[in-house]
Participant: 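Below is one structure. I have some questions about it.
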Amino acid sequence: MNPLYRESFDRLELATRYPARFTHPNKLAFLATVEGEPPPGTIEVARWATDALPSRRGEHRPAVEARRGYFTYHEPDTESEMHWHLNFANYDLFSAYAGSLLAQDEMQVLEHPDLARVREALLGEGRSTLVTDQGLPTPFTLIGVPRRGVIDTAPSPARPHGLYGNRFSAAPVEQVLQATTRIDPATISNLVAIEAPAYGSGEYRREEITGILRTALTGFGAASVETHRIAPQAATVIHTGWWGCGAYGGNQELMALLQLLAAEWAEAKVLYFYLGEPADAAYLAGAQDVLDSLPIGMLTDAHVAAIADRRYLWGVSDGN
């Protein structure tokens, strides 16, 4: 696997040459609280061409660990592990960061505001920011991104409905500031941006399942390539969750199943799966049961056929 391009940006230069263009007052208030002098160092960005699926299932099995809640980004890279968190991307990288919405993609950019500057820098240099191009996945990896703050979107007595999604824009700025915590010094995150299919209906078709697998494998595989480039002795650890299962209406068991299979092919060491709500653990358990029923060495086409034969149904958008 080779990237379509790779860019390296000095964090201080990003802050001075490519200002972010946040517009919503709640986001501006959050940033005014958490941002300070950029930590020294660079952010490496790469855009990847679609990878081909392997011909059959191999023997590698990542460890899979379910976690309650949402991304915490609390595990730093070590000599033996490099950690990657998914960005549940729009088709155009970070394109909705500036406005009022606070879904997973926009929340990740808000807490890692240099991502907005990366987008502005790529556009300024004439680079493509498409995460999906002519129907094919072209995911991004981003290494060395400072996380400046945390916004607690969970419901609380002060915020009965929480701050996630469209509720963020309607919240008084005081609620946003009460939910804001600055991280000082900033922690460092590595991200993989992949877009899920959106707004389907009825049963998933074989070609849809194949496309989802290719997208997940290309993103996870790119993370493994970058891990081995930077730290040849380190293993790839992927942090993910209900990719495409919110606003896009994806089927939770199926989307978990296909990520598990992609993590095998990418030879990840560990897949941490963030459940959001504890009750959703049943979908992950169901996905693991289905994958365990498919034999080692099975041809990929037969895998896809067996999964399609389960007649998974699209869900509906949650409105966020």
Side-chain angles (χ1 to χ4, degrees), residues 18-35 69-73 85-120 122-123 129-132 139-140 142 145 147-156 158-181 189 191-200 215 239-250 252 255 274 276-277 280 314-320:
Y18 299 101
R21 303 178 187 276
F22 291 94
T23 57
H24 196 274
N26 284 351
K27 290 184 177 179
L28 293 171
F30 175 90
L31 293 168
T33 302
V34 304
E35 283 217 274
Y70 303 95
F71 289 170
T72 58
Y73 306 94
H85 288 76
L86 255 67
N87 171 267
F88 300 164
N90 181 267
Y91 75 94
D92 188 4
L93 186 71
F94 310 139
S95 59
Y97 80 81
S100 62
L101 182 64
L102 194 72
Q104 195 268 353
D105 180 8
E106 296 80 23
M107 181 174 170
Q108 196 172 70
V109 177
L110 187 63
E111 294 185 341
H112 301 77
D114 286 307
L115 295 175
R117 299 181 182 105
V118 164
R119 174 176 171 80
E120 300 300 335
L122 293 175
L123 292 173
T129 55
L130 294 181
V131 182
T132 300
F140 282 76
L142 303 105
V145 187
R147 186 180 187 222
R148 305 297 190 89
V150 180
I151 183 161
D152 182 3
T153 60
S156 71
R159 303 178 297 277
H161 302 293
L163 294 174
Y164 190 77
N166 291 305
R167 295 186 177 96
F168 176 81
S169 62
V173 68
E174 293 78 12
Q175 288 189 7
V176 172
L177 294 177
Q178 288 168 2
T180 296
T181 302
S189 303
L191 308 176
V192 182
I194 56 176
E195 184 189 18
Y199 311 122
T215 300
H239 299 250
T240 189
W242 301 118
W243 170 53
C245 298
Y248 283 4
Q252 286 178 271
M255 295 301 285
Y274 293 77
E277 300 299 326
D280 289 342
W314 278 88
V316 296
S317 172
D318 65 4
N320 288 317

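If you're wondering where the values come from, they're calculated on a predicted model, not measured in any experiment.
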Participant: Looking at every heavy atom in both Leu177 and Ala29, which two are closest together, and how far apart are they?
Facilitator: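 Answer, listing the atom of Leu177 first, then Ala29: CD2-O, 3.7 Å.
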Participant: Not counting sequence neighbours, which residues clear side chain to side chain contact (heavy atoms under 4.5 Å, CB included) with Ala198? List them please.
Facilitator: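 For Ala198, the residues satisfying side chain to side chain contact (heavy atoms under 4.5 Å, CB included) (neighbours in sequence not counted) are Tyr248.
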Participant: Examine distances only and state if a side-chain atom of Trp243 and a backbone atom of Ile194 form a donor-acceptor pair shorter than 3.5 Å.
Facilitator: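 The answer is yes, because a donor-acceptor pair under 3.5 Å joins these two groups.
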Participant: Roughly how far apart are Asp280 CG and Trp242 CH2, rounded to 0.5 Å?
Facilitator: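 The CG atom of Asp280 sits 5.5 Å away from the CH2 atom of Trp242.
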Participant: Among residues at least two apart in sequence or on other chains, which ones pass side chain to side chain contact (heavy atoms under 4.5 Å, CB included) with Ala193?
Facilitator: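 Listed in chain order: Asn87, Ala89, Leu93, Phe140.
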Participant: Arg119: which residues meet the salt bridge (charged side-chain N to carboxylate O under 4.0 Å, His left out) condition with it, sequence neighbours left out?
Facilitator: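 If we apply the salt bridge (charged side-chain N to carboxylate O under 4.0 Å, His left out) test to Arg119, skipping adjacent residues, the hits are Asp92.
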Participant: Mind checking the CD-OG spacing from Glu106 to Ser95? Nearest 0.5 Å is all I need.
Facilitator: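 If I round to the nearest 0.5 Å, the distance is 8.0 Å.
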Participant: Has Gln108 got a side-chain atom pairing as donor or acceptor with Asp105's backbone, closer than 3.5 angstrom?
Facilitator: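 Answer holds: no.
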Participant: Find out whether Tyr73 and Val145 are in side-chain contact, i.e. whether some heavy atom of one side chain is under 4.5 Å from a heavy atom of the other.
Facilitator: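 Answer no - side chains too far apart.
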Participant: Kindly indicate, with the supporting measurements, whether the criterion side-chain contact (heavy atoms from CB on, under 4.5 Å) is fulfilled by Gln104 and Phe71.
Facilitator: CA-CA 10 Å; Gln104 195 268 353; Phe71 289 170; 3.6 Å; yes
Participant: So how far is it from Asp152 CG to Tyr164 OH, rounded to the nearest 0.5 Å?
Facilitator: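 One finds 13.5 Å between CG of Asp152 and OH of Tyr164.
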Participant: Please report the shortest heavy-atom distance between Ala196 and Met255, naming the atom on each side.
Facilitator: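 Shortest heavy-atom contact: CB-CE, 4.1 Å.
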Participant: Can you list everything that forms a side chain to side chain donor-acceptor pair (under 3.5 Å) with Tyr274? Sequence neighbours excluded, please.
Facilitator: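 Only Arg67, His239 meet the side chain to side chain donor-acceptor pair (under 3.5 Å) criterion with Tyr274.
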Participant: What pairs with Thr132 under side chain to side chain donor-acceptor pair (under 3.5 Å), at least two apart in sequence or on another chain?
Facilitator: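 Listed in chain order: Glu195.
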Participant: Under the side chain to side chain donor-acceptor pair (under 3.5 Å) rule, what pairs show up with a residue in residues 21-30, not counting sequence neighbours?
Facilitator: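 As it turns out, the side chain to side chain donor-acceptor pair (under 3.5 Å) pairs with a partner in residues 21-30, which skip direct neighbours, are Arg21-Glu120.
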Participant: Going from CG on Leu102 to CG on Leu163, what distance comes out if it is rounded to the nearest 0.5 angstrom?
Facilitator: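 Rounded to the nearest 0.5 Å, the CG-CG separation comes out at 7.5 Å.
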Participant: Going by the rule salt bridge (charged side-chain N to carboxylate O under 4.0 Å, His left out), which residues pair with Asp114 if we only count those two or more places apart in sequence or in a different chain?
Facilitator: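 Testing Asp114 for salt bridge (charged side-chain N to carboxylate O under 4.0 Å, His left out), a comparison that skips the adjacent residues, returns Arg117, Arg148.
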Participant: Going by the rule ring-ring contact (aromatic ring centres under 6.0 Å, His included), which residues pair with Phe30 if we only count those two or more places apart in sequence or in a different chain?
Facilitator: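 Result, ring-ring contact (aromatic ring centres under 6.0 Å, His included) vs Phe30: none returned.
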Participant: Does some side-chain heavy atom of Leu110 sit less than 4.5 Å from a side-chain heavy atom of Tyr97?
Facilitator: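 Tyr97 does not reach Leu110 side chain to side chain.
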Participant: Using the side chain to side chain donor-acceptor pair (under 3.5 Å) criterion, which residues pair with Ser189? Sequence neighbours excluded.
Facilitator: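 Listed in chain order: His112.
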Participant: Please identify each residue that fulfils side chain to side chain donor-acceptor pair (under 3.5 Å) with Thr72, with sequence neighbours left out.
Facilitator: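 Residues passing side chain to side chain donor-acceptor pair (under 3.5 Å) with Thr72: His74.
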Participant: Which residues satisfy the salt bridge (charged side-chain N to carboxylate O under 4.0 Å, His left out) test with Glu111, sequence neighbours excluded?
Facilitator: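 In terms of salt bridge (charged side-chain N to carboxylate O under 4.0 Å, His left out), with neighbours along the sequence ignored, Glu111 is linked to Arg147.
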Participant: Rounded to the nearest 0.5 Å, what separates atom CG in Leu191 from atom CG in Leu86?
Facilitator: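 Spacing of CG (Leu191) from CG (Leu86) equals 9.0 Å.
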Participant: Check the pair Ile151, Phe168 against side-chain contact (heavy atoms from CB on, under 4.5 Å), reporting the backbone distance first and the verdict last.
Facilitator: CA-CA 11 Å; Ile151 183 161; Phe168 176 81; 3.7 Å; yes
Participant: Could you walk me through whether Thr240 and Phe88 pass side-chain contact (heavy atoms from CB on, under 4.5 Å), step by step?
Facilitator: CA-CA 9 Å; Thr240 189; Phe88 300 164; 4.1 Å; yes
Participant: Scan for side chain to side chain donor-acceptor pair (under 3.5 Å) pairs involving residues 169-181, sequence neighbours excluded, and state none if there are none.
Facilitator: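 Of all non-adjacent pairs touching residues 169-181, none passes side chain to side chain donor-acceptor pair (under 3.5 Å).
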